[in-house]
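Note that the structure is a prediction, hence the values are computed from the model and not measured.
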Amino acid sequence: MKSWAIGESDFGGDEWDQEIKLTEEAVEAVNKLCPKPKFFALCGDLVQSMPGIEWKEAQERDLKTCLLKTNPDIPMVFVSGNHDIGNAPTPETIQTFCNNWGDDYFSFWVGGVFFLVLNTQLFFDAEKCPEEKENQDKWLSEQLAMAKLRQCQRVIILQHIPLFLKNPDEDNNYFNLEKSLRQELLEMFHKAGVKAVFSGHYHRNAGGTYKDLEMVVTSAIGCQLGEDQHGLRVVVVTEDKIVHRYYSLDKLKTQGLDEDLMDLIKKK
């Protein structure tokens with residue numbers, strides 16, 4: 001937040017006390033949720049400093065200290081972002097992320113829902129790691145083919161860079177994926193039965209739809225680039241729909257979930 005305020009957003013900053021406090025508030029809010037969430041996902045940019053920046057290790061150490069206070073019965077899912085592995089990742093930056101936080105792409109089942117976690121930096125710029133991109137592309141095709149074959153009722157993707165911010169046909173910009181690749185992925189996801197893609201990166205809330213697929217862009221626990229408050233998105237998946245709502249940390253911590261979301265959870 002300091003680095004953004006002073007105009008050094010590409011590199012980091014030597015202070016992150018505000019981020020520590022906000023992360024502690026986020027963990028407190030998640031721990032208070034009842035019933036406990038199936039998992040707690042961070043959709044990339046776990047810390048501010050890019051690979052090679054002097055403060056990165058200290059920032060990651062402090063983040064882990066905060067997250068260790070999360071209820072151990074609530075699993076955590078970590079997604080890689082550009083600040084984690086670089087705008088143009090290398091095999092080394094990807095491996096460092098995997099060593100610290102887990103695989104950069106993987107799938108898992110929770111409550112009958114099939115989740116895919118993607119490394120979108122490989123879609124953004126894979127010039128320095130073509131083999132890694134090829135491996136993810138092959139794996140993704142296999143996973144989507146399996147989901148289609150099994151006729152999975154609920155397939156959800158977690159990634160860092162949004163496919164689009166508001167409209168599938170919008171122009172290319174720093175915060176979305178390149179248009180031709182975007183259209184290819186959207187159609188692949190749609191045909192495989194993907195119902196929602198959740199992302200970060202934009203530091204603002206946004207989103208839209210492509211056919212029956214919803215693109216959900218969630219703002220940040222930390223630095224805000226728009227008018228949103230520091231917060232989290234709560235997602236409830238039922239047999240026939242996916243309902244989600246963004247909460248400020250303060251509201252979620254002090255008031256909990258809205259009554260209509262609680263009713264949905266009870267009906268499950």
| request: Could you tell me how the ring of Tyr210 sits relative to the ring of His190: parallel (under 30°), tilted (30 to 60°) or perpendicular (over 60°)? | output: perpendicular

Do the side chains of [X] and [Y] get close enough for a salt bridge, i.e. N-O under 4.0 angstrom?
{"X": "Arg245", "Y": "Asp260", "value": "yes"}
{"X": "Arg182", "Y": "Glu178", "value": "no"}
{"X": "Lys166", "Y": "Glu170", "value": "no"}
{"X": "Glu142", "Y": "Lys138", "value": "yes"}
{"X": "Asp263", "Y": "Lys267", "value": "no"}

Using 0.5 Å steps for rounding, measure from the [atom1] atom of [X] to the [atom2] atom of [Y].
{"X": "Met188", "Y": "Leu181", "atom1": "CE", "atom2": "CG", "answer": "9.5 Å"}
{"X": "Phe97", "Y": "Leu46", "atom1": "CZ", "atom2": "CG", "answer": "5.5 Å"}
{"X": "Leu185", "Y": "Ile157", "atom1": "CG", "atom2": "CD1", "answer": "8.0 Å"}
{"X": "Lys133", "Y": "Glu127", "atom1": "NZ", "atom2": "CD", "answer": "13.0 Å"}

| message | I'd like to know whether Phe114 forms a side-chain contact (heavy atoms from CB on, under 4.5 Å) with Gln143, so could you lay out the CA-CA distance, the side-chain angles of the two residues, the decisive distance to 0.1 Å, and finally the verdict. | response | CA-CA 10 Å; Phe114 186 47; Gln143 296 290 305; 3.2 Å; yes

Can you find a side-chain donor-acceptor pair between [X] and [Y] that sits under 3.5 Å?
{"X": "Gln159", "Y": "Ser199", "answer": "no"}
{"X": "Asp240", "Y": "Thr238", "answer": "yes"}
{"X": "Tyr247", "Y": "Asp258", "answer": "yes"}
{"X": "Gln183", "Y": "Asp169", "answer": "yes"}
{"X": "Trp101", "Y": "Glu60", "answer": "yes"}
{"X": "Ser219", "Y": "Arg204", "answer": "no"}

| Please walk me through it: do Glu132 and Gln136 pass side-chain contact (heavy atoms from CB on, under 4.5 Å)? | CA-CA 6 Å; Glu132 284 73 12; Gln136 178 177 250; over 6 Å; no

| request: Consider only side-chain heavy atoms of I, L, V, M, F, W and Y, link residues closer than 4.5 Å, and tell whether Leu149 and Phe189 are in one cluster. | output: no

| Is there a side-chain contact (heavy atoms from CB on, under 4.5 Å) between Thr120 and Leu122 once you walk through the steps? | CA-CA 5 Å; Thr120 47; Leu122 296 176; over 6 Å; no

Can you name the closest pair of heavy atoms from [X] and [Y] and give their distance?
{"X": "Cys129", "Y": "Pro89", "answer": "SG-O, 3.4 Å"}
{"X": "His230", "Y": "Tyr246", "answer": "C-OH, 3.6 Å"}
{"X": "Ser107", "Y": "Leu116", "answer": "CB-CD2, 3.5 Å"}

| Does the gap between the ring centers of His203 and Phe175 come in under 6.0 Å? | no

| query | With a 6.0 Å cut-off on ring centres, are Phe39 and Phe115 close enough? | reply | yes

Assess whether atom [atom1] of [X] is packed by more than 12 heavy atoms of other residues, nucleotides or ligands within 6.0 Å.
{"X": "Lys211", "atom1": "NZ", "value": "yes"}
{"X": "Gln229", "atom1": "CD", "value": "no"}
{"X": "Lys56", "atom1": "NZ", "value": "yes"}
{"X": "Lys64", "atom1": "NZ", "value": "yes"}
{"X": "Lys179", "atom1": "NZ", "value": "yes"}

| message | Walk me through whether Asn99 and Gln95 qualify under side chain to side chain donor-acceptor pair (under 3.5 Å). | response | CA-CA 6 Å; Asn99 292 344; Gln95 188 58 55; 2.8 Å; yes

Side-chain donor/acceptor pairs under 3.5 Å, residues 68-79, sequence neighbours excluded:
residue	atom	partner	partner atom	Å
Lys69	NZ	Glu24	OE2	3.4
Thr70	OG1	Leu67	O	2.8
Asn71	OD1	Asp73	N	2.8

